[in-house]
Amino acid sequence: MFDDLRISRRINFNERFKMDLITDMFNIANRYNVAAVSPLFTNAGQATAAYDPRQFQFAMKFNW
């Protein structure tokens, strides 16, 4: 199963000018990723940290 996805589209205005539209999505499934577990006897096995949640990133690049 994949976790990250990139979608991009290039728009050509003419031979010289181009624009790229980009969308990046990280952790699409929004899985709970445990980064650390408590070593203490009273809290044994409980998560104490997690990795990043679902994130989106948008970009526009203009080339000439």
Which pairs of donor and acceptor atoms, one on a side chain in residues 15-22, lie under 3.5 Å apart (sequence neighbours left out)?
from  : atom 1 : to    : atom 2 : distance (Å)
Lys18 : NZ     : Glu15 : O      : 3.0
Asp20 : OD1    : Arg10 : NE     : 2.9
Asp20 : OD2    : Arg10 : NH2    : 3.2

Cut-off 3.5 Å, no hydrogens considered: what does the side-chain donor-acceptor table look like for residues 54-64, sequence neighbours left out?
from  : atom 1 : to    : atom 2 : distance (Å)
Arg54 : NE     : Ile28 : O      : 3.1
Arg54 : NH2    : Ile28 : O      : 3.2
Gln57 : NE2    : Asp24 : OD2    : 3.3

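With Asp3 contributing its side chain and Ala29 its backbone, the two residues share no donor-acceptor pair below 3.5 Å.
Applying the under-4.5 Å side-chain rule to Ile, Leu, Val, Met, Phe, Trp and Tyr, the cluster around Phe26 consists of that residue alone.
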